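Below is one structure, written out as structure tokens, with a few remarks after it.
Computed from a prediction, not measured in an experiment: that's the story for all the values here.
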Amino acid sequence: MSADSPAVGLVTAGSGGIGRAVTEELLTRGVVDRLVVVDVSEPTAPLPARADFRQCDLRDPGRLAELVAGLPAELSVLVNVLGGERRPPVVPVDDVAWPPPEVWDDIIDLNVSAAYRLTRALAGRLAPGAAVCNVSSIAAAMPWAVSPAYGAAKAALEHWSSSLAVLLAPRAVRVNLVRPGFVWSRQWAAVDRAEFERVVADRVVLREVPPHTSREQTAADIAAAVAFLCSADARHVTGQAINVDGGATLVRAAR
């Protein structure tokens with residue numbers, strides 16, 4: 001990308017908590033000049049002035065093709081935030097350890113395949129020096145008995161990301177990961193707040209000392225790590241994962 005061209009990035013799941021925080025942080029820190037923000041749902045509040053919202057279901061090949069056709073010729077940042085689990089699931093789940101194949105496939109598609117399809121479609125548009133950051137989860141790095149499918153999906157995302165870092169390195173394109181820990185979200189809301197707080201108190205080892213630290217991680221914490229990895233400050237960082245989990249993975253207890 002030429003020095004006089006604006007740096008443009010793309011963030012998926014931009015209407016959600018983490019996606020919106022990433023959008024704001026990338027623009028505030030000047031990592032990019034403009035952002036294309038993609039989500040299947042409209043934002044509930046206005047996005048920053050330099051963010052252009054595009055409504056798109058990335059799992060729909062036709063809509064994905066339309067999205068890609070309308071993007072700039074070069075991108076400097078790609079952040080794949082899209083993930084989680086559909087609520088309610090595509091079919092009822094009686095046992096989370098053994099979800100129906102339709103649910104398993106849907107979770108894999110949402111957390112791995114959607115990121116693959118978008119990145120594959122945009123690979124030729126990533127400018128020299130561009131950065132790709134995939135949002136994973138600590139579920140990829142430890143047993144995740146509350147949803148083995150989700151843990152498996154994020155582990156697959158991480159393996160693919162490390163291979164992608166090698167494949168894109170000759171073009172000076174970096175690929176990294178951020179692993180959020182316990183961030184209150186729509187996924188947790190399907191359980192309940194009391195259960196979330198119990199798990200955080202049990203698993204997060206970093207002590208709560210306001211205003212310095214809190215026991216639960218926030219979307220802004222995740223966004224700060226993403227922005228660093230996408231910035232020139234991390235120009236020699238590729239194929240790496242940053243845990244933003246308050247030390248939860250140090251305990252490595254099965255969830």
Side-chain angles (χ1 to χ4, degrees), residues 8-28 31-32 34-48 50-61 63-64 66-68 70-71 75 77-90 106-122 131-140 147 149-150 153-154 156-158 160-161 175-190 217-227 229-230 242 244:
V8 181
L10 187 148
V11 177
T12 68
S15 294
I18 291 177
R20 184 181 188 87
V22 167
T23 295
E24 294 172 351
E25 189 73 7
L26 289 173
L27 290 170
T28 298
V31 178
V32 293
R34 294 195 299 112
L35 270 175
V36 176
V37 178
V38 180
D39 205 316
V40 70
S41 302
E42 292 275 357
T44 56
L47 292 170
R50 289 176 289 145
D52 178 21
F53 178 74
R54 310 283 177 88
Q55 190 168 19
C56 179
D57 184 345
L58 295 174
R59 294 170 293 181
D60 182 326
R63 296 296 304 278
L64 175 58
E66 291 176 11
L67 171 70
V68 172
L71 293 175
L75 292 174
V77 167
L78 171 60
V79 183
N80 287 305
V81 180
L82 181 63
E85 299 182 38
R86 192 193 301 265
R87 304 290 186 186
V90 290
D106 190 59
I107 292 172
I108 296 295
D109 192 43
L110 188 61
N111 290 277
V112 187
S113 302
Y116 168 77
R117 287 191 294 266
L118 178 62
T119 307
R120 180 179 184 272
L122 298 179
V132 177
C133 187
N134 294 323
V135 176
S136 182
S137 167
I138 60 172
S147 182
Y150 178 71
K154 289 303 190 185
L157 176 70
E158 296 201 2
W160 170 67
S161 296
V175 182
N176 293 290
L177 291 155
V178 171
R179 293 187 189 126
F182 296 104
V183 180
W184 179 252
S185 67
R186 287 176 290 187
Q187 299 297 317
W188 275 103
Q217 293 81 64
T218 68
D221 295 328
I222 311 308
V226 170
L229 289 172
C230 293
I242 294 180
V244 184

Could you list the residues that satisfy side chain to side chain contact (heavy atoms under 4.5 Å, CB included) with [X], not counting sequence neighbours?
X: D52; value: R54
X: V90; value: R86, E102, V103, D106
X: P48; value: T23, E24, L27, A51
X: E66; value: R63

Between [X] and [Y], which heavy-atom pair has the shortest distance, and what is it?
X: A225; Y: V244; answer: CB-CG2, 3.8 Å
X: A219; Y: G17; answer: CB-O, 3.4 Å
X: V77; Y: C230; answer: CG1-SG, 3.8 Å
X: L71; Y: L10; answer: CD1-CD1, 3.8 Å
X: V135; Y: K154; answer: O-NZ, 3.1 Å
X: D39; Y: G14; answer: OD2-N, 3.4 Å

Could you state the interatomic distance from [atom1] ([X]) to [atom2] ([Y]), rounded to the nearest 0.5 Å?
X: L67; Y: C56; atom1: CG; atom2: SG; answer: 4.5 Å
X: Y116; Y: N134; atom1: OH; atom2: CG; answer: 13.5 Å
X: L118; Y: L82; atom1: CG; atom2: CG; answer: 9.0 Å
X: N176; Y: S161; atom1: CG; atom2: OG; answer: 9.0 Å
X: I242; Y: C133; atom1: CD1; atom2: SG; answer: 8.0 Å

Please answer whether the main-chain N or O of [Y] pairs with a side-chain N or O of [X] as donor and acceptor at a distance below 3.5 Å.
X: T12; Y: V81; answer: yes
X: S137; Y: A140; answer: no
X: N111; Y: G84; answer: yes

V132 vs L122 side-chain heavy atoms within contact, under 4.5 Å
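V132 does not reach L122 side chain to side chain.
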Using the salt bridge (charged side-chain N to carboxylate O under 4.0 Å, His left out) criterion, which residues pair with R117? Sequence neighbours excluded.
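Partners of R117 under the salt bridge (charged side-chain N to carboxylate O under 4.0 Å, His left out) test: D109.
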Any residue meeting salt bridge (charged side-chain N to carboxylate O under 4.0 Å, His left out) with E158, in chain and number order, not counting sequence neighbours:
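In terms of salt bridge (charged side-chain N to carboxylate O under 4.0 Å, His left out), with neighbours along the sequence ignored, E158 is linked to R179.
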S136 and side-chain contact (heavy atoms from CB on, under 4.5 Å): which single residue from V178, L157, N80 fits?
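Single side-chain contact (heavy atoms from CB on, under 4.5 Å) partner of S136 among V178, L157, N80: L157.
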So with a 6.0 Å cut-off around CZ of F53, is the heavy-atom count from everything else above 12?
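It does: F53 CZ has more than 12 such atoms within range.
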Output, in order, the C-alpha distance, side-chain angles, deciding distance and verdict of side chain to side chain contact (heavy atoms under 4.5 Å, CB included) for R59 and L110.
CA-CA 8 Å; R59 294 170 293 181; L110 188 61; 3.8 Å; yes
T119 and V175: CA distance, side-chain angles, deciding distance, side chain to side chain contact (heavy atoms under 4.5 Å, CB included) verdict
CA-CA 11 Å; T119 307; V175 182; over 6 Å; no
Steps toward side chain to side chain contact (heavy atoms under 4.5 Å, CB included) verdict (R20, L47):
CA-CA 8 Å; R20 184 181 188 87; L47 292 170; 3.3 Å; yes
